[in-house]
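Quick notes on the structure that follows.
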Amino acid sequence: MSPPLRVLIADDELLARKRLSRLLGALPDVQVCGEAADGEAVLAAVRAGGVDVVLLDIHMPGLSGLDALALLPEDGPRVVLCTAHAEHAVDAFEHGAVDYVLKPVEPARLQKALERVRARIGAEPRGRGDGAPTEKPPQQARALARLPIPTRQGIVLVDPETISHAALDDELVTVFTAQGEFLTDFTLNELAEKLPQDLFQRVHRRALLNLRHVARLEPLETGGYLARTSRGHAVEVSRQSARELRRMLGLRKGAEDEG
């Protein structure tokens, strides 16, 4: 049986803290370990240890929730932002928040956020949240649960598994997803850092590819491949990346691998 998830509630409004406490009390394997009314109190509680996750409001006196989030240690607790302001989602995920829940917080939505926290904690070395030293978590454990992509219609939160590839065209990167295509200011290097490394490979200086979406690899005279995705897109794989793909997939070496 897993230990209860120790939750710190951080909100400057007493009624908001009481509501969250009541919602948490109805969930199994969850323990409210404290409350904080400002960012300084959040940092003090985290330094004291015994916190697995912080439910963090953004607008608080003194240090804001985003300020406090940026100051938390790398081996500190996971953070779920609980706020009435949707426009801060990108900043929250950039600073490592696991989820972003809009007020008024609904029980099912809160439970889903805590399930994401449990999944993230389960992928990390033990000791996080207690102030004990831990090894730096692997890249895939740090990857975002959802990738925030700002658009003219608002911030689109994309499940990384639905992304087939990302391609650089001129100076902008397009992210190809099951929901559509989105232009982003992220560079390919930044996307590679945010997305799970067990799914995504940098296959070209102008392309990032989700291997689970590859339906076919067509050999090119250059020694590379043309990767055909399940949705019919073509992504060029460089000669060097093709060698790595063959090693990963257990394919027979080509003549160019011998050089």
Side-chain angles (χ1 to χ4, degrees), residues 56 58 64-67 69-70 74 78-102 109 112-113 116-117 119-120 123 137-215 224-238 240-241 244-245:
L56 185 61
I58 287 182
S64 71
L66 290 176
D67 292 334
L69 175 58
E74 289 188 6
R78 285 297 178 183
V79 173
V80 173
L81 270 295
C82 297
T83 178
H85 304 276
E87 65 270 19
H88 298 292
V90 171
D91 286 338
F93 285 114
E94 285 284 352
H95 284 92
V98 173
D99 209 341
Y100 195 93
V101 179
L102 290 177
R109 183 66 183 86
K112 186 174 183 179
R116 286 182 172 141
V117 170
R120 191 68 62 85
Q139 178 68 37
Q140 52 266 41
R142 297 198 305 272
L144 299 179
R146 291 181 294 172
L147 179 70
I149 302 179
T151 71
R152 291 181 180 179
Q153 291 74 37
I155 298 167
V156 180
L157 300 180
V158 178
D159 183 343
E161 293 190 1
T162 70
I163 298 173
S164 63
H165 64 292
L168 175 64
D169 186 13
D170 292 330
E171 296 182 357
L172 289 177
V173 171
T174 301
V175 179
F176 295 80
T177 79
Q179 294 78 33
E181 301 172 12
F182 303 101
L183 283 173
T184 176
D185 289 331
F186 290 137
T187 66
L188 287 177
N189 284 339
E190 289 170 337
L191 284 174
E193 291 176 356
K194 297 174 184 298
L195 295 169
Q197 284 190 345
D198 59 333
L199 295 181
F200 291 85
Q201 295 291 323
R202 185 71 178 269
V203 295
H204 193 277
R205 62 184 179 85
R206 305 183 69 86
L208 188 67
L209 181 64
N210 184 342
L211 300 181
R212 291 187 181 177
H213 286 260
V214 176
Y225 289 118
L226 196 63
R228 299 284 183 180
T229 72
S230 53
R231 288 195 290 272
H233 293 103
V235 181
E236 185 177 352
V237 179
S238 71
Q240 182 177 355
S241 297
E244 180 62 26
L245 277 182

If you measure from CG on L81 to OH on Y100, what distance do you get to the nearest 0.5 Å?
6.0 Å

From CD1 (I155) to CD1 (I149), nearest 0.5 Å:
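So the CD1 of I155 and the CD1 of I149 are separated by 11.0 Å.
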
If you take all heavy atoms of L188 and R206, which pair is closest and at what distance?
CD1-C, 3.4 Å

If you look at every heavy atom in R202 and R205, which pair is closest and at what distance?
NH2-O, 2.7 Å

Return yes if some donor-acceptor pair links the side-chain N/O of [X] with the main-chain N/O of [Y] below 3.5 Å, else return no.
X: E190; Y: T187; result: yes
X: R78; Y: V117; result: no
X: T177; Y: I163; result: no

Residues Y225, V235; criterion side-chain contact (heavy atoms from CB on, under 4.5 Å); working and verdict
CA-CA 8 Å; Y225 289 118; V235 181; over 6 Å; no

Is a side-chain donor-acceptor pair under 3.5 Å present for Q240 with S238?
no

Report yes or no: do D67 and S64 form a side-chain donor-acceptor pair below 3.5 Å?
yes

Please enumerate all residues that pass side-chain contact (heavy atoms from CB on, under 4.5 Å) together with R212, with sequence neighbours excluded.
E161, L199, N210

Can you check whether H233 and H165 have ring centres sitting under 6.0 Å from each other?
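Close enough - the centres of the two rings lie under 6.0 Å apart.
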
Quick one: salt bridge (charged side-chain N to carboxylate O under 4.0 Å, His left out) partners of R109, sequence neighbours excluded?
D99

Option among L226, L245, V214 that satisfies the side chain to side chain contact (heavy atoms under 4.5 Å, CB included) test with V237:
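Of the listed residues L226, L245, V214, the side chain to side chain contact (heavy atoms under 4.5 Å, CB included) partner of V237 is L245.
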
Kindly indicate, with the supporting measurements, whether the criterion side-chain contact (heavy atoms from CB on, under 4.5 Å) is fulfilled by L172 and D185.
CA-CA 6 Å; L172 289 177; D185 289 331; 3.9 Å; yes

